Engineer: 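Take a look at the following structure, please.
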Amino acid sequence: MKATNSLLLAILFSLLLILPAMAQDKPVRKTVRRVSSDIAKQVKDKTPEEIAEMLRTLNDRAVPEATVEEVAEFKQKKGNALIGLADALLNAEPETELEELAYTMKINGLGLLMQLKPDDVGKITALKKELEKDDKFPGVVAHCDAYIYIQKMRKTFLGKRVSEKDFDRYAEELKPLVRDNPESPYVSAAGLLLSAAAAYEGNRDLEGFADKFRDDFVRTFKESGNEKLIGIAKQIELDAQQTLVPGKRIDVVGMTVDGSQFNVKSLRGKIVLIDFWATWCGPCKAEVPGMKEMYKKYHAKGFEIVGISIDSDASVLKNYLASEQIPWISLSDKAAVASGMPGMAERYGVRGIPTMYLLDRQGRIISTGARGGDLKRLLEQEFK
């Protein structure tokens, strides 16, 4: 009997040692993320590496130049596809590197959808909490923080009480964030600030307000040493120079044919016609009689013309101006470049001449095609 009892005690003791180990070895139930049937078909029989490549290719697809509706549809489809493929990759239990990629791409997809529904930041916040709970991927968590930051900016800039101090505060916060995280959504946040600043300038009639932030970020991007940011800086500069639309100010500086420096700001308070032309351009010279007529009629009332010649031969230009008795301000773009000043034709992307811009009394563009009868009609409206 004693032997039997001893045997039972030994068995119980052994079980006490084995059961905890068995409990530890019990497999953890993995989270299976739901994906659409369309995504499931796409990834069927795909390895994690192949799904990851599909994600990278999709993520690199740029937003097309299309209508607002078409762009919104593109973002909707791309966002949902990124989320679906990312979840499919996570279901495949990838290695750590690909798991991190999946979370990053999912955040990018949620970010695209947030652009369509600005208040829908909850899923990004929830994913951030999930990652923080598991102490996973601080870089992805930072990605989440950037999108949450963008949402905060949107609320500020769409508010009724937005002030110049708000722009200054966000600019100072963003510059180091962008510089230190060139692959993050903070770069998009900088773009949002620049767009909001341009709208604020127009609404408040504040000359140069948006330019201040644009120049500041361009300098920050260039000083970062990051190729991507430097490329963005150059594109910002190019867009600012060449995107001339009604309501935008045009900053014309240059050298007159007699060697004096000129700045169009000196003509504020006047209606100004900016004319890019050349002596060898027949259509340009055909505009001169009508321009003389308008100049004679409205000059005393506050109308001025600034001709910007792209002629390469200064003597030919001077002879033509003298023979035609051109009474308005004449600049030589070649002379300006030779003296180290920016060339206006290149700066503003002038590809054909004559190109004419009519400016209002604050230096903003009224028309980008102020020629012939259109110039006459526009001036009649301004001086009625």
Side-chain angles (χ1 to χ4, degrees), residues 19-40 42-43 46-60 75-156 170 173-174 176-190 192:
L19 286 174
M22 291 176 63
Q24 290 176 5
D25 293 338
K26 182 180 180 180
V28 179
R29 180 183 296 175
K30 82 167 186 175
T31 301
V32 178
R33 301 167 192 270
R34 293 199 316 171
V35 298
S36 68
S37 58
D38 181 55
I39 294 293
Q42 291 183 48
V43 302
K46 300 284 187 183
T47 66
E49 289 75 16
E50 289 172 330
I51 300 174
E53 188 57 34
M54 292 170 67
L55 270 169
R56 294 188 188 97
T57 301
L58 176 61
N59 188 63
D60 288 340
K75 289 181 177 180
Q76 181 84 34
K77 289 181 178 180
K78 179 178 176 178
N80 285 326
L82 282 171
I83 294 167
L85 285 173
D87 281 340
L89 178 55
L90 291 171
N91 286 340
E93 298 185 284
E95 297 294 330
T96 301
E97 182 180 349
L98 293 186
E99 184 183 7
E100 183 173 11
L101 172 71
Y103 279 116
T104 300
M105 294 301 164
K106 185 168 184 175
I107 290 297
N108 286 348
L110 291 171
L112 279 172
L113 298 184
M114 192 182 78
Q115 292 179 27
L116 304 177
K117 294 182 179 180
D119 293 330
D120 190 14
V121 72
K123 291 181 180 179
I124 293 177
T125 303
L127 188 51
K128 176 190 173 184
K129 290 180 179 178
E130 175 188 333
L131 293 171
E132 287 179 325
K133 181 181 177 181
D134 296 334
D135 196 22
K136 274 187 172 182
F137 309 128
V140 183
V141 172
H143 221 54
C144 294
D145 287 334
Y147 278 116
I148 295 169
Y149 186 88
I150 289 174
Q151 174 60 11
K152 178 184 172 184
M153 286 182 64
R154 279 202 181 100
K155 284 188 175 181
T156 300
Y170 276 114
E173 289 175 356
L174 268 175
L177 289 172
V178 171
R179 186 178 58 243
D180 297 339
N181 305 277
E183 301 297 328
S184 80
Y186 286 118
V187 178
S188 297
L192 173 62

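These figures come from a predicted structure and were not determined experimentally.
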Engineer: Can you see which heavy atom on L101 is nearest to which on A52, and at what distance?
Structural biologist: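 Residues L101 and A52, closest heavy atoms: CD2-CB, 3.7 Å.
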Engineer: Taking it one step at a time, do L85 and M105 satisfy side chain to side chain contact (heavy atoms under 4.5 Å, CB included)?
Structural biologist: CA-CA 9 Å; L85 285 173; M105 294 301 164; over 6 Å; no
Engineer: Please give me the minimum heavy-atom distance between N80 and L113, naming the atom from each residue.
Structural biologist: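 For N80 and L113, the tightest heavy-atom pair comes out as OD1-CD1, 3.5 Å.
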Engineer: Has N59 got a side-chain atom pairing as donor or acceptor with L55's backbone, closer than 3.5 angstrom?
Structural biologist: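 It does not hold such a pair.
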Engineer: Working to the nearest 0.5 angstrom, can you tell me the gap between K75 NZ and L116 CG?
Structural biologist: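 K75 atom NZ to L116 atom CG measures 6.5 Å (nearest 0.5 Å).
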Engineer: Using 4.0 Å as the upper bound for N to carboxylate O, is an ion pair formed by E53 and R56?
Structural biologist: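 Result for this pair is yes, salt bridge flagged.
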Engineer: State, yes or no, whether a side-chain contact exists between E173 and M153 at a heavy-atom distance under 4.5 Å.
Structural biologist: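 The answer is no; the side chains never approach within 4.5 Å.
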Engineer: Within this structure, what is the CG-OG1 distance for the pair L82 and T104, rounded to the nearest 0.5 Å?
Structural biologist: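 That separation rounds to 11.5 Å.
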Engineer: Quick one: closest heavy-atom pair of L90 and E99, and the distance?
Structural biologist: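 The answer is CD2-CG, 3.7 Å.
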Engineer: Mind checking the CG-CG spacing from L89 to L98? Nearest 0.5 Å is all I need.
Structural biologist: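 CG of L98 is found 6.0 Å from CG of L89.
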Engineer: Would you name the heavy atoms of C144 and I107 that are closest together and state the gap between them?
Structural biologist: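 In this case the closest contact between C144 and I107 is SG-CD1, 3.2 Å.
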Engineer: Applying ring pair (Phe, Tyr, Trp, His ring centres under 6.0 Å), name anything that partners Y170, two or more places apart in sequence or on another chain.
Structural biologist: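 With neighbours one apart ignored, the set is Y149, F157.
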Engineer: Check whether any side-chain heavy atom of K117 lies under 4.5 Å from a side-chain heavy atom of Q76, and answer yes or no.
Structural biologist: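 Of all side-chain heavy-atom pairs linking Q76 with K117, none is under 4.5 Å.
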Engineer: Would a 4.5 Å heavy-atom cut-off, applied to side chains only, mark R34 and D87 as touching?
Structural biologist: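 The answer is no, as the side chains (C-beta and beyond) never meet within the 4.5 Å cut-off.
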Engineer: Grab the two heavy atoms, one from V141 and one from K136, that are nearest each other, plus how far apart they are.
Structural biologist: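 Closest heavy-atom pair between V141 and K136: CG2-O, 3.9 Å.
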Engineer: Just checking D135: does its CG atom have more than 12 heavy atoms from other residues, nucleotides or ligands closer to it than 6.0 angstrom?
Structural biologist: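 No, the 6.0 Å shell around CG holds no more than 12 heavy atoms from other groups.
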Engineer: Is the count of non-hydrogen atoms from other residues, nucleotides or ligands lying under 6.0 Å from K78 atom NZ greater than 12?
Structural biologist: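 Count over threshold, so yes.
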Engineer: Nearest 0.5 Å, what's the CD-CD distance between E50 and Q42?
Structural biologist: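 Spacing of CD (E50) from CD (Q42) equals 13.0 Å.
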Engineer: Please determine whether a side-chain nitrogen of the Lys or Arg among K106 and E130 lies less than 4.0 Å from a carboxylate oxygen of the Asp or Glu.
Structural biologist: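 Salt bridge absent between K106 and E130.
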Engineer: Is the closest side-chain donor-acceptor distance between H143 and N108 under 3.5 Å?
Structural biologist: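 Yes - a donor-acceptor pair under 3.5 Å links their side chains.
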Engineer: Roughly how far, to the nearest 0.5 Å, is CZ of R33 from CD1 of I83?
Structural biologist: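 Rounded to the nearest 0.5 Å, the CD1-CZ separation comes to 12.0 Å.
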Engineer: For a side chain to side chain contact (heavy atoms under 4.5 Å, CB included) check, start with the C-alpha distance between Y147 and V121, then their side-chain angles and the critical distance, and finish with the verdict.
Structural biologist: CA-CA 8 Å; Y147 278 116; V121 72; 5.6 Å; no
Engineer: Do you know the tightest heavy-atom contact between A189 and I150?
Structural biologist: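 The pair with the smallest heavy-atom distance is CB-CG1, 3.7 Å.
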